[in-house]
Visitor: 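Encoded as structure tokens, here's the structure I'll be asking about.
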Amino acid sequence: MRGVAWRQPSSSGAEGAPYRHLAVRIIDQAFRDLASPAGSPEGPGGAREFLAGTSMLYHWCEVADLNPEWVVARARKLMANSDRFAAPAAIVESTDLCQHVTHR
């Protein structure tokens with residue numbers, strides 16, 4: 001996911017890094033679940049609901065220092081284009097998010 005809009009970190013330095021990493025992994029898993037019906041017990045429906053802008057998505061974006069509006073817009077774009085994009089493309093895009101955030 002290129003072009004992630006970063007915000008001012010809500011937690012300072014290294015003490016917030018494990019939480020930020022966890023939050024990024026949660027959002028990343030939602031994108032993976034969206035791309036693969038076998039990704040979670042709820043299938044892509046749970047991921048769609050989460051990525052549509054639930055309060056929990058906003059919470060995890062806050063922890064991850066990500067702009068939730070950007071994440072929702074990206075998820076909507078992937079959902080709208082799901083017929084044109086193969087699942088691996090969505091997974092690669094999602095993995096880019098994790099790599100970008102964890103190397104911060």
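None of the values given here were measured: they were computed from a predicted structure.
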Visitor: Ignoring hydrogens, what is the shortest heavy-atom contact between Ala30 and Ala47? Give both atom names and the distance.
Guide: O-CB, 3.2 Å

Visitor: For a quick test of reading the model, state the closest non-hydrogen atom pair linking Ala75 to Leu51 and the distance between them.
Guide: CB-CB, 3.6 Å

Visitor: Please report the interatomic distance NE2(His59) to OG1(Thr54), rounded to the nearest 0.5 Å.
Guide: 10.5 Å

Visitor: Say you draw a straight line from CD1 of Ile26 to NE2 of His21; how long is it, rounded to the nearest 0.5 Å?
Guide: 10.5 Å

Visitor: Which atom names give the shortest non-hydrogen contact between Ala52 and Val72, and what distance separates them?
Guide: O-CG1, 3.7 Å

Visitor: Nearest 0.5 Å please: distance from the CZ atom of Arg48 over to the CG atom of Asp33.
Guide: 12.0 Å

Visitor: Between Trp60 and Leu22, is there a side-chain heavy-atom distance shorter than 4.5 Å?
Guide: yes

Visitor: Drop me the distance from Tyr58's OH to Leu66's CG, to the nearest 0.5 angstrom.
Guide: 12.5 Å

Visitor: So, Asp28 side chain and Val24 main chain: donor-acceptor pair closer than 3.5 Å or not?
Guide: no

Visitor: When rounded to the nearest 0.5 angstrom, what distance separates CD in Glu49 from CG in Leu34?
Guide: 12.5 Å

